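Quick caveat, the model's predicted, so the values are computed rather than measured. The first residue in the sequence is number 1, and the count goes up from there.
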Amino acid sequence: MRAQQVTELTGPSGLRLAETAEPGGRDGAVVVDIAAAGVAFPDLLQAKGLYQVRREPPFVPGMEGAGTVRSAPEGSGFEPGQRVVVVEMGGTWQEVVAADPGNVLPLPDGVPFELAAGMPLNYLTVWFALRRRARAQAGETVLVHGAAGGVGVAALDICRALGMPTIAVVSDDRKAAVAEQAGAERVVLVDGWRESVREHTAGRGVDVVVDPVGGDRFTDSLRSLAPEGRVVVLGFTGGEIPTVKVNRLLLGNTAVVGAAWGEFLRQNPGCLREQWDELAPLLAGGGLTPLWPAVRPLEEAADALRELEYRSATGKLVLRLR
């Protein structure tokens with residue numbers, strides 16, 4: 001089978017397309033023919049050796065994909081020919097994946113593989129961040145940083161489905177158009193964003209901030225919270241890891257919470273299916289309307305990573321394998 005491998009920890013330049021042996025049906029595994037695989041920021045970090053779970057080359061990157069079950073063990077709940085989504089930390093940028101049944105999720109009819117392949121990491125991360133960590137409720141206003149990126153557009157889509165008004169923060173007009181398409185009710189540019197948020201909320205502030213960026217805008221996020229508001233930290237694509245002076249939290253009765261979805265799953269593996277079963281009906285029923293991803297062939301995986309590295313990507317990137 002064809003597979004993309006990280007052969008050295010130098011980022012996109014370390015990727016090589018290779019012919020490798022298929023993984024086969026190890027005991028208890030569901031074997032899936034992968035049609036499409038998602039590209040996410042953790043893939044870039046892994047390719048540079050900077051991810052919290054370090055893997056030594058050569059290895060297959062990718063953590064999410066979609067395809068068709070080739071074989072499944074009895075009692076797994078899956079059968080050959082079934083359309084599924086896979087969350088597999090051992091690599092999905094390959095034509096065949098053997099995954100634990102707990103990492104395989106049924107895909108609603110009518111959802112294309114290329115759309116589904118880019119959903120699990122971003123959508124389930126945001127679902128976890130908003131529903132479990134922030135305890136966000138319908139009617140609460142949510143500010144989304146990096147709103148034209150993969151996590152950002154997922155956050156805007158989920159908030160729209162759950163009845164949460166959104167304010168999207170983006171860096172330019174091109175990304176503003178993406179955020180609007182993803183469902184943002186208001187879009188503000190990075191320059192002067194805090195003042196714009198104050199104006200849009202009549203000085204009250206927002207109830208929840210979804211922050212996958214970090215960096216120097218974090219303190220202003222705290223200042224933009226309404227009483228009892230929450231900043232949910234998803235990552236630090238801006239590079240710098242910010243710090244917080246807790247007196248700000250005390251004075252406003254506000255909170256900063258972390259949302260490390262991957263770590264939570266390692267500790268609670270059964271929650272992957274639980275979260276998907278909550279999300280999937282919204283997808284099947286049209287409550288969620290994900291933006292169509294930018295799709296590249298498997299051969300162009302390095303270029304896809306470069307788009308993330310140089311922050312030129314908007315929305316989700318997906319690799320087509322079949």
Side-chain angles (χ1 to χ4, degrees), residues 40-42 44-45 50-52 121-122 125-136 140-156 158-159 164-172 175-176 178-179 182 184 186-201 203-264 308-311 313-314:
F41 193 73
L44 176 62
L45 295 179
L50 300 177
Y51 195 57
Q52 58 257 39
L121 263 62
N122 289 339
T125 292
V126 171
W127 188 265
F128 171 70
L130 286 173
R131 301 295 282 172
R132 187 178 183 100
R133 301 298 295 132
R135 308 291 184 187
E140 290 192 307
T141 301
V142 180
L143 176 72
V144 181
H145 286 296
V151 168
V153 298
L156 295 172
I158 287 175
C159 285
M164 302 173 192
T166 49
I167 301 175
V169 182
V170 297
S171 58
D172 56 45
K175 293 181 178 181
V178 173
R186 294 186 181 272
V187 181
V188 300
L189 296 178
V190 168
D191 291 339
W193 70 267
R194 183 186 168 205
E195 291 73 20
S196 297
V197 169
R198 180 179 294 276
E199 178 183 344
H200 291 321
T201 61
R204 178 181 178 272
V206 298
D207 299 292
V208 178
V209 175
V210 174
D211 185 10
V213 178
D216 57 9
R217 68 179 76 177
F218 179 78
T219 299
D220 279 345
S221 292
L222 291 176
R223 291 170 175 159
S224 299
L225 289 175
E228 298 188 84
R230 294 85 77 199
V231 174
V232 191
V233 179
L234 280 75
F236 313 104
T237 60
E240 179 186 349
I241 298 177
T243 58
V244 57
K245 294 184 177 180
V246 295
N247 64 309
R248 295 188 186 281
L249 309 182
L250 181 65
L251 293 174
N253 288 306
T254 55
V256 177
V257 296
W261 176 70
E263 181 59 29
F264 181 80
L308 293 180
E309 186 173 35
Y310 300 137
R311 302 189 189 186
T314 57

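Contact of the I167 side chain with the V142 side chain is not registered, since no non-hydrogen atoms from C-beta on lie closer than 4.5 Å. Between E195 and E199 there is no side-chain heavy-atom pair separated by less than 4.5 Å. Contact check for V233 versus V257: no side-chain heavy atoms found under the 4.5 Å cut-off. Here the side chains of V244 and L249 are in contact, with some heavy-atom distance below 4.5 Å.
Heavy-atom neighbours of R198 CZ from other residues, nucleotides or ligands within 6.0 Å: at or below the threshold of 12. Annotation for Q52: atom CD counts as buried by contact number, over 12 foreign heavy atoms lying within 6.0 Å.
Across all their heavy atoms, T166 and C159 have their closest contact at CG2-CB, 3.3 Å. Here the closest heavy-atom approach between residue V187 and residue A179 is recorded as CG2-CB, 4.2 Å. The shortest heavy-atom contact between V170 and A148 is CG1-N, 4.1 Å. L121 and A40 get closest at one heavy-atom pair: CD2-CB, 3.9 Å.
With sequence neighbours excluded, the residues forming a side-chain contact (heavy atoms from CB on, under 4.5 Å) with A129 are V232, L234, A259, listed by chain and number. Qualifying side-chain contact (heavy atoms from CB on, under 4.5 Å) partners for A260, counting only residues two or more places apart in sequence or in other chains: E263.
Between the CG atom of L130 and the CZ atom of R135 there is a distance of 12.0 Å, given to the nearest 0.5 Å. Put simply, CH2 on W193 and NE2 on H200 are 12.0 Å apart, with the number rounded to the nearest 0.5 Å. How far CZ of R186 is from OG1 of T201: 9.5 Å, rounded to the nearest 0.5 Å. A distance of 8.5 Å separates CZ of R133 from CZ of F264, quoted to the nearest 0.5 Å. Atoms CG and CG, on D191 and D172 in that order, are 10.5 Å from each other to the nearest 0.5 Å. Note that the CG atom of L44 and the OH atom of Y310 stand 10.0 Å from one another [nearest 0.5 Å].
At a threshold of 4.0 Å, the pair R230-E140 counts as salt-bridged, since one of the basic side-chain nitrogens sits closer than that to a carboxylate oxygen.
S196 places a side-chain N or O within 3.5 Å of a backbone atom of G192 that can act as its donor or acceptor partner.
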Which atom pairs, one a donor and one an acceptor, fall under 3.5 Å between side chains of residues 206-222 and the rest of the protein, sequence neighbours left out?
from: D207; atom 1: OD1; to: R204; atom 2: NH1; distance (Å): 3.3
from: D207; atom 1: OD1; to: R204; atom 2: NH2; distance (Å): 2.9
from: D207; atom 1: OD2; to: T141; atom 2: N; distance (Å): 2.8
from: D211; atom 1: OD1; to: V213; atom 2: N; distance (Å): 2.8
from: D211; atom 1: OD1; to: G214; atom 2: N; distance (Å): 2.9
from: D211; atom 1: OD2; to: G214; atom 2: N; distance (Å): 3.4
from: R217; atom 1: NH1; to: H145; atom 2: ND1; distance (Å): 3.2
from: D220; atom 1: OD1; to: R223; atom 2: NH1; distance (Å): 3.1
from: S221; atom 1: OG; to: H145; atom 2: NE2; distance (Å): 2.8
from: S221; atom 1: OG; to: R217; atom 2: O; distance (Å): 3.2

Original post:
Is there a side chain to side chain contact (heavy atoms under 4.5 Å, CB included) between V144 and V169 once you walk through the steps?
Top reply: CA-CA 6 Å; V144 181; V169 182; over 6 Å; no
